[in-house]
Amino acid sequence: MDIKDIRNLIAQMTLEEKAGLLSGQDFWHTKPVERLGIPRTMVSDGPHGLRKQDEEGDHLGINDSIKAVCFPAASATAASFDPELLEKMGEALGEACQHEKLSVLLGPAVNIKRSPLCGRNFEYFSEDPYLTGVMATALIKGIQSKNVGTSIKHFALNSQEHRRMSSSSDCDERTIREIYFPAFEMAVKEAQPWTVMCSYNRVNGVYASENPWLLTDVLRKEWGFEGYVMSDWGAVSNRVAGVAAGLDLEMPASGGINDRKIVEAVRAGKLDEKAVDLCCERILNIVFRFVENAKPETPWDMEAQHLLAAEVAAECMVLLKNEDDLLPLSKEEEIAFIGEFAEKPRFQGGGSSHINCFRTTGAVEAAKEQGLKVVYAQGYSVKADDAPADMIAEAVAAAKKAKVAVVFAGLPDSYESEGYDRSHMRMPESQNRLIEAVAEANPNTVVVLHNGSPVEMPWIGKVKAVLEAYLGGQAVGLAQVKVLFGDVNPSGHLPESFPMKLEDNPSYLFYGGEPRGTEYREGIFVGYRYYDKKKMDVLFPFGYGLSYTTFEYSNLKLSAESIKDTDTLTATVTVKNTGKRAGKAVVQLYAGDTEGYMNAVRPVRELKGFRKVELQPGESKEVTFTLCKRSFAYWNTQIHDWYVETGDFAIEVGDSVANLPLRATVKIESTTELPRHFDLDSIVMDVMADPKANAIMGEFLKKAFAIFSIADENQTEAAQEAISDDMGEAMMGYMPIRGTLSFGGGAVPEEMMLDMLKKMNEA
C-alpha cells in the first residue's frame with residue numbers, strides 16, 4: 001500500500017481509533033481497525049531465535065513460547081568477526097518469522113558493553129561501536145531480506161540492568177556520538193531496520209521514550225530513519241510527551257489508559273493531531289509492508305537450522321590458549337569430559353530472549369554420536385552452585401585415566417540475566433576448585449567456557465588450553481566437539497577485552513550509579529581504548545584469538561601519503577597461511593592520530609576495518625580496506641559534527657589490538673575550519689598555533705613577552721636558576737594576551753591590542 005492510500009485510511013479514522021493504534025492490542029500484537037480493513041500484526045522477542053507466545057503472553061517468559069531454534073547469542077556471534085555469517089543466520093531467522101506470521105523480530109540489541117557486569121551483556125555484541133555496527137547491520141539485512149522487520153534496540157545508552165527503568169544515563173555529547181550512537185547510526189543508514197525500540201532509561205535526565213532530540217532530531221532528521229519507533233515493554237512514562245517526541249507505538253497494551261490521554265490532549269489543544277496522524281502513518285506503513293509480503297507457506301526446517309546453529313557456533317569460538325599445541329584432540333585417545341555443562345550446556349541467557357528450544361545437543365551427546373572415546377564426570381552442580389568432594393573425586397579419577405581432561409565450565413543462568421547486573425566477575429568458586437583439582441591430576445587440561453561476558457581465570461597458568469565458547473546456541477555441544485577434535489579450525493576473536501580483574505575496568509568506579517542516574521565518567525575510553533591509553537595489561541586483549549595454524553601479515557600499502565579529509569584512503573595488506581592446516585584469519589585495521597594535537601584527547605587507536613579470510617596452507621591473499629573521513633574523525637562539540645584535525649595518522653594492521661605488526665602513516669588535511677574567537681583571555685600558545693592569528697600578532701607577542709627570556713648575560717646565577725629557558729617559554733605560552741597589559745607597565749596601549757584582536761577574528 002502506498003503512502004497516499006495509507007493517509008487516506010488515516011483520514012477515515014476517528015481520533016479514538018488513531019490514538020488506539022498507537023498502543024498494542026495485547027503483549028505481542030498491534031491493534032487492528034477492522035471496519036477499515038487494517039489488520040493486526042504480531043511481533044516476537046529475539047534476537048537469536050523466536051520467542052513467540054501464542055496466547056497468554058508475558059514479557060519475561062513465564063509462560064511457554066513455541067518450540068524454536070536457538071542460535072548463538074550476540075556475545076558469541078560478534079566473536080566470529082564474520083558479517084556474511086550473520087547475514088546467513090539472519091535469513092534463517094527471517095524464514096522462521098515468515099512461517100510463524102511474525103511481522104517484526106525484536107532485535108538485534110546493540111548496546112555497548114561498558115562493563116563486564118551488565119546482566120544483559122550476553123545479548124550485546126561488543127565494547128567496540130564499529131564491530132557492533134557491522135555485525136548488527138549484517139543481521140538486519142539477513143532478516144529483512146525475507147520481508148520481516150527488525151527492531152534494533154535499546155535506543156539509547158542502556159548498558160546496565162540496575163535501575164534500568166528509572167535511571168538516567170548521564171553522558172557527554174562526544175562520548176554519546178563516538179561510542180553509544182555509531183552502531184545505531186550505521187544500521188539505520190545502511191540497513192534501515194523497520195523499527196527502532198527505545199530504551200527504558202533516561203538520557204541526561206529525559207526518558208528515551210519522550211526524548212525529541214533522540215527520536216526525532218537524531219534518528220529521523222539526521223540519520224534518515226523511515227520506520228516506526230516502539231517502546232520497550234513498559235518503558236512509557238508520559239505518553240503524550242512521547243507522541244510529540246516521536247514515539248509511535250507503545251508496547252504492550254495500556255488498557256486504554258494512555259489512548260484516552262492522547263485523545264484528551266488533542267481535544268485540549270495540548271497535542272497536535274498531526275503528530276498522532278504521523279505516528280499512525282509510520283506504523284501502518286510497516287504493518288502493510290509485512291502483510292503484503294507475508295509468506296506463511298515458507299518452510300521452517302528446524303533440523304537444518306539446528307545444523308546451521310552448530311556451524312555458526314563453531315565459527316564463533318575463540319581459542320584463548322593452546323600450550324604445546326594440545327588442541328586439536330586425537331580421536332583415537334581416551335578423553336575425559338568433565339563438568340555439568342558438558343552434558344547440559346548453558347547456551348543462552350535468561351529473560352526476554354530465552355528460547356524454548358526444540359532440541360539441544362551437549363558435547364557428551366555429540367561425542368558419543370561420533371563414536372569418540374569420551375568418559376564423563378559431572379564435577380559440579382549448577383543448581384546447588386557446589387562441587388561436593390565425591391563429585392571432585394570422580395572427576396579427578398576420570399582425569400587421571402584420560403589422555404586429556406576437558407573441563408566444561410562457566411557462568412550459571414543465575415549469574416547473568418536480564419533484569420539485574422552481576423556483582424562480580426568471578427565464576428562459581430566450586431568450578432574454580434574443580435578446574436584446579438583436575439589440572440593437578442592431569443597436566444593436559446583444557447577448559448571450555450560458557451559465558452556471555454568476561455570472567456576472571458585464577459587457574460589460567462595451570463591449564464594448557466582454553467576455548468571460549470560464549471553462549472553458543474542449542475547446538476553448541478556439536479560445535480564444541482568439532483572444534484576440540486579439529487574438524488573445524490577455531491577462528492573466533494574476542495569482541496571485548498578480558499581484564500585481569502573487575503577493578504581494572506574503566507567504568508568500575510562509576511558503574512551502576514546513584515538512585516537517579518549513572519555517570520559515564522570514563523567518556524570515550526571504553527574497553528581497549530582505555531587499556532591502550534593506560535598501557536595496562538589485560539588477561540586477553542580485544543580482537544585476540546588463536547588458530548590451529550599460523551598467519552603472516554606483510555606488504556601494507558596506502559593509496560596515498562597525503563589526503564584531504566574529503567578523500568578516501570585505500571589500504572591493502574597481504575595475509576598468508578604459514579601453517580599446515582586450512583584456517584581463517586581475522587585481519588584487523590586500526591587507525592589513530594599520532595598524538596600531540598591540540599583540540600581533543602584521542603584513543604591510541606580505534607578499529608576501523610576487519611576482514612575474515614579463509615586460506616589453505618601456504619596460500620596468500622590481498623585484503624583491501626577503504627577508509628573515509630569517519631575513520632579519522634572525532635566528534636567536535638564546538639561545531640557539533642565530525643571533525644578531522646590536520647596531522648599524521650597511523651594505520652596499523654594485525655590480528656588483535658595488541659598485535660599489530662604492520663604500520664604506515666598518512667597525512668590528512670582538514671577542510672573544515674573551526675570557529676575562531678580571540679579575546680584578551682586567549683593564551684599566547686593558541687594564538688601562535690593559529691596561522692592567521694599568528695600572522696597578525698605573533699611577532700608582537702614574542703617581543704612583548706621577552707621579559708621571560710633569560711638570554712641577558714647580566715642576569716645573576718640565582719636568577720638563571722629561578723627561571724630556566726623552558727620555564728620562561730612555558731610561562732609565555734600559557735600567558736593570556738592581557739598579560740601584555742599587566743606586565744607591560746602601560747607600555748602597550750590597550751587600543752592597539754583590541755585592534756589586533758578585531759583583525760584576528762575577522763581574518
Side-chain angles (χ1 to χ4, degrees), residues 72 74-89 125-139 311-322 327 466-470 472 479 483 488-498 527-528 532 538 540-556 571-579 581-591 605-617 619-627 651-663:
S75 58
T77 56
S80 73
F81 276 72
D82 190 344
E84 292 181 3
L85 183 72
L86 265 287
E87 192 163 346
K88 184 177 180 180
M89 175 178 141
F125 287 103
S126 175
E127 68 188 28
D128 182 77
Y130 180 81
L131 175 61
T132 298
V134 171
M135 302 305 276
T137 298
L139 185 64
E311 176 189 335
V312 174
E315 290 292 314
C316 300
M317 292 182 188
V318 186
L319 184 60
L320 296 178
K321 184 177 182 180
N322 193 22
L327 297 177
V466 180
L467 181 67
E468 174 59 81
Y470 278 111
V483 172
V488 173
N489 191 343
S491 60
H493 286 244
L494 290 180
E496 58 196 329
S497 310
F498 274 48
Y528 71 85
D532 260 12
V538 293
F540 295 106
F542 174 87
Y544 175 83
L546 301 175
S547 170
Y548 295 154
T549 189
T550 53
F551 301 100
E552 179 182 86
Y553 296 85
S554 63
N555 202 27
L556 173 60
T572 58
V573 63
T574 301
V575 57
K576 180 179 180 180
N577 184 342
T578 55
R581 289 176 176 264
K584 296 179 181 179
V586 174
V587 187
Q588 301 165 42
L589 181 146
Y590 296 80
R605 56 185 61 86
E606 298 177 278
L607 182 71
K608 296 300 178 182
F610 61 88
R611 297 286 187 278
K612 197 164 194 176
V613 184
E614 185 169 11
L615 296 165
Q616 298 299 315
E619 184 182 8
S620 297
K621 286 184 180 178
E622 188 175 77
V623 179
T624 301
F625 300 95
T626 301
L627 306 176
I651 307 298
E652 299 174 291
V653 178
D655 62 7
S656 81
V657 74
N659 184 39
L660 300 167
L662 305 182
R663 178 185 170 102

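- Across every non-hydrogen atom of P72 and M89, the tightest pair is O-CE, 3.8 Å.
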- [ ] Determine, step by step, whether L131 and F610 satisfy the side-chain contact (heavy atoms from CB on, under 4.5 Å) criterion, reporting the C-alpha distance in whole Å, the side-chain angles of both residues, the deciding distance to 0.1 Å, and the verdict.
- [x] CA-CA 8 Å; L131 175 61; F610 61 88; 3.6 Å; yes
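- Residues passing the salt bridge (Lys or Arg N to Asp or Glu O under 4.0 Å) test with D655, sequence neighbours excluded: none.
- Closest of all the heavy-atom pairs between S75 and P495 is O-CG, 4.0 Å.
- Atoms NE2 and CG, on H493 and L320 in that order, are 10.5 Å from each other to the nearest 0.5 Å.
- Put simply, the side chain of L85 reaches to within 4.5 Å of the side chain of V312, judged on heavy atoms.
- Within the 4.5 Å cutoff, side-chain heavy atoms of L627 are placed close to those of I651.
- Remark: R605 engages D532, E652 in a side-chain hydrogen bond (donor to acceptor under 3.5 Å, both in side chains) (not counting sequence neighbours).
- Applying the side-chain hydrogen bond (donor to acceptor under 3.5 Å, both in side chains) criterion to K321, with sequence neighbours excluded, gives no partner residue.
- Going from atom CG of N322 over to atom CG of L467 covers 9.5 Å, rounded to the nearest 0.5 Å.
- In this structure, CG in L86 is found 7.5 Å from SG in C316, a value given to the nearest 0.5 Å.
- Closest non-hydrogen pair, V657 versus P541, comes out as CG1-CB, 4.0 Å.
- Using a 4.5 Å heavy-atom cutoff, the side chains of F542 and S126 are in contact.
- Among K584, K612, E614, the single residue meeting the side chain to side chain donor-acceptor pair (under 3.5 Å) criterion with S491 is K612.
- Remark: side-chain polar atoms of T132 are not paired, donor with acceptor, to backbone N or O of F125 under 3.5 angstrom.
- Among all heavy-atom pairs drawn from Y528 and L607, the shortest one is OH-N, 2.8 Å.
- Partners of T549 according to the side-chain contact (heavy atoms from CB on, under 4.5 Å) rule, which considers only residues two or more places apart in sequence or in another chain, are N489, S547, F551, N577, R581.
- Not a single donor-acceptor pair under 3.5 Å links the side chain of E622 to the backbone N or O of T572.
- Taking CZ of F81 as the reference point, atom CE of M135 lies at 8.0 Å (rounded to 0.5 Å).
- Applying the side-chain hydrogen bond (donor to acceptor under 3.5 Å, both in side chains) test to pairs two or more places apart or on separate chains, those with a residue in residues 79-88 are K88-E311.
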Test log, rule side-chain contact (heavy atoms from CB on, under 4.5 Å), inputs E468 and F498:
CA-CA 11 Å; E468 174 59 81; F498 274 48; 3.5 Å; yes
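- When all heavy atoms of G609 and F625 are compared, the pair lying nearest together is C-CE2, 3.6 Å.
- S554 meets the side-chain contact (heavy atoms from CB on, under 4.5 Å) test with T574; sequence neighbours excluded.
- Using modelled atom types, one side-chain atom of Y548 and one backbone atom of V483 make a donor-acceptor pair closer than 3.5 Å.
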Quiz item: Do Y130 and E606 pass the side-chain contact (heavy atoms from CB on, under 4.5 Å) test, and can you show the C-alpha distance, the side-chain angles, and the key distance before you say yes or no?
Solution: CA-CA 9 Å; Y130 180 81; E606 298 177 278; over 6 Å; no
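- Closest approach of L615 to V575, counting heavy atoms only: CD1-O, 3.8 Å.
- Within the model, atoms CD of Q588 and CG of L660 stand 7.5 Å from one another, a figure rounded to the nearest 0.5 Å.
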